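Below: the structure, in structure tokens.
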Number of protein chains: 2
Amino acid sequence: MAADMLTQAIQELKDHKIRVTPQRQIILTYLVTHHNHPSVETIYQALDTQLPNLSLATVYNTLKLFVDLGIVIELQNGDAGTHYDFFGRPHYHVVCENCGKITDVFEPDLSGVEAKAAELSGYLVTSHNMEVYGLCPDCQKKLGVTRTAELRRLNLSHVD
Amino acid sequence: MAADMLTQAIQELKDHKIRVTPQRQIILTYLVTHHNHPSVETIYQALDTQLPNLSLATVYNTLKLFVDLGIVIELQNGDAGTHYDFFGRPHYHVVCENCGKITDVFEPDLSGVEAKAAELSGYLVTSHNMEVYGLCPDCQKKLGVTRTAELRRLNLSHVD
DNA sequence: TTCTAAATTGGAATCCTTCTAAAAAGTGTG
DNA sequence: CACACTTTTTAGAAGGATTCCAATTTAGAA
């Protein structure tokens with residue numbers, strides 16, 4: 001549950017001797033309880049009432065910290081700006097190339113990939129990230145595409 | 001071979017009724033023959049002698065076009081700026097978290113992922129991208145990390 | 001060759017992100 | 001509890017990547 005993940009993540013900060021400030025707790029709580037893949041701006045605005053003096057720089061700093069710790073991951077969806085996602089459980093993302101929507105898919109089973117990559121590249125592998133692209137159900141309807149029509153179209157022109 | 005991939009990619013432009021301009025041909029040729037995952041700036045400077053009046057905007061426009069067509073893919077390596085890679089053969093990338101180096105790994109075998117993601121998300125899936133992170137062999141030496149030492153370190157503090 | 005839509009150019013403008021210096025707030029010690 | 005020290009936050013400036021724009025040029029078709 002959410003509370004567990006929060007305390008676990010806060011413990012992670014303590015383990016690394018990183019100060020647990022109100023800003024960090026509140027940003028972390030936001031991320032644990034919202035799975036909308038927020039941008040920096042979204043987080044900043046959402047927390048305006050809780051932390052009226054919160055600085056954008058702090059949001060940036062905090063997110064970078066969380067990403068370095070592996071608590072949070074970064075994603076791009078074609079919009080300007082980076083989006084963030086609490087990474088409590090391994091999952092990957094499917095991104096809509098039309099509207100930018102990001103959907104979680106919990107079905108990793110990519111465990112072998114890291115070992116294989118390490119073997120082939122000589123890298124000391126620490127993590128991986130997988131992104132799948134396509135059209136979300138809503139956009140399929142909006143654009144009136146059927147699976148076959150879409151496949152035909154993709155073969156002839158590019159998406160604007 | 002490279003020449004084949006170039007003509008094939010140019011044919012792709014024609015099929016989509018996209019004009020084959022000198023700028024596009026030259027940028028495409030650069031990408032087909034260089035596998036250094038160049039940034040926009042790298043491409044711009046490399047082509048300065050061939051196309052003295054080339055505009056940065058054209059490089060941006062052209063790369064976006066190629067990405068939309070699926071000829072080229074975008075990657076980030078932690079540096080500022082986006083890097084590009086001709087996608088003649090399916091492969092994925094291993095990125096060094098210390099120096100930003102990007103290494104190709106040709107061993108997809110992720111074919112099932114798209115179908116699975118489509119099934120679980122309802123998206124009409126068109127492509128996917130996989131990135132693996134770690135420390136490249138050079139940085140392992142430079143930093144004097146052994147596999148076990150590194151794993152221990154990763155458990156205790158974050159990378160700066 | 002001529003015509004038209006598409007592409008390119010170069011510079012301004014925009015927007016995301018980082019930097020900086022000063023103030024504020026944790027943490028440990030005596 | 002006060003002190004000293006370090007980390008963190010803040011606000012705004014600065015930086016840098018990318019996009020936008022109007023004017024010019026060009027590719028490709030008729």
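Note that the structure is predicted; figures quoted are calculated from it, not measured. Chain letters run A, B, ... following the sequence lines, proteins first and then strands; every chain starts at 1.
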Looking at [X] and [Y], would you say the former's side chain and the latter's main chain have a donor-acceptor pair under 3.5 Å?
X	Y	answer
Gln23(B)	Ser55(B)	no
Gln140(A)	Leu135(A)	yes
Ser127(A)	Tyr133(B)	no
Thr62(A)	Arg24(A)	no

Quiz item: For the residue pair His93(B) and His37(B), does the interplanar ring angle fall in the parallel (under 30°), tilted (30 to 60°) or perpendicular (over 60°) class?
Solution: perpendicular
Quiz item: Please walk me through it: do Thr82(A) and Val40(A) pass side chain to side chain contact (heavy atoms under 4.5 Å, CB included)?
Solution: CA-CA 7 Å; Thr82(A) 305; Val40(A) 170; 5.9 Å; no
Quiz item: Yes or no on side chain to side chain contact (heavy atoms under 4.5 Å, CB included) for Ile71(B) and Phe86(B), after CA distance, side-chain angles and deciding distance?
Solution: CA-CA 6 Å; Ile71(B) 295 175; Phe86(B) 179 73; 3.6 Å; yes
Between N or O atoms, less than 3.5 Å apart, protein on one side and nucleotides 25-29 of chain C on the other: list the pairs.
none

Practice problem: Starting from C1' on dC16(C), measure out to CD on Glu41(A) and report it in whole angstrom. | Solution: 10 Å
Exercise. Calculate the interatomic distance between Leu65(A) atom CG and dT17(C) atom P; express it in whole Å.
Key: 17 Å
Practice problem: Evaluate the side chain to side chain contact (heavy atoms under 4.5 Å, CB included) criterion for residues Tyr123(A) and Val132(B): first the C-alpha distance (whole Å), next the side-chain angles of each, then the deciding distance (0.1 Å), finally the verdict. | Solution: CA-CA 9 Å; Tyr123(A) 278 54; Val132(B) 177; over 6 Å; no
Quiz prompt | Sugar-phosphate only, base, or nothing, as touched by Lys64(A) at under 4.0 Å among non-hydrogen atoms | solution = sugar-phosphate
Quiz item: Counting only heavy atoms not in Glu41(A), do more than 12 sit closer than 6.0 Å to its CD atom?
Solution: yes
Quiz prompt | CD (Gln8(A)) with more than 12 external heavy atoms under 6.0 Å | solution = no
Practice problem: Could you tell me which residues satisfy salt bridge (Lys or Arg N to Asp or Glu O under 4.0 Å) with Asp138(A), sequence neighbours excluded, listed by chain and number? | Solution: Lys101(A)
Quiz item: What is the 5' to 3' range of DNA chain D, first to last nucleotide, that sits under 4.0 Å from any heavy atom of chain A?
Solution: dT6(D) to dA11(D)
For nucleotides 10-12 of chain C, list the nitrogen or oxygen atoms of the protein found under 3.5 Å from its nitrogen or oxygen atoms, one pair per line.
unit_1	atom_1	unit_2	atom_2	d
dG10(C)	OP2	Asn53(B)	O	2.8
dG10(C)	N7	Ser55(B)	OG	3.0

Quiz item: Taking all atoms of both residues into account, what is the closest heavy-atom pair of Ser121(B) and Pro137(A), and its distance?
Solution: O-CG, 4.0 Å
Practice problem: Kindly calculate the angle separating the two end axes of the helix from dT1(C)-dA30(D) to dG30(C)-dC1(D), each obtained from five base pairs, and round it to 10 degrees. | Solution: 40°
Exercise. Sequence neighbours left out, what passes side-chain contact (heavy atoms from CB on, under 4.5 Å) with Tyr30(A)? Give chain and number order.
Key: His34(A), Pro38(A), Thr42(A), Ile43(A), Ala46(A), Leu47(A)
Self-check item: N or O in side chain of Tyr60(A) less than 4.0 angstrom from dT18(C) OP1/OP2
Solution: no
Quiz prompt | Presence of Lys17(B) side-chain N/O under 4.0 Å of dA6(C) phosphate oxygens OP1/OP2 | solution = no
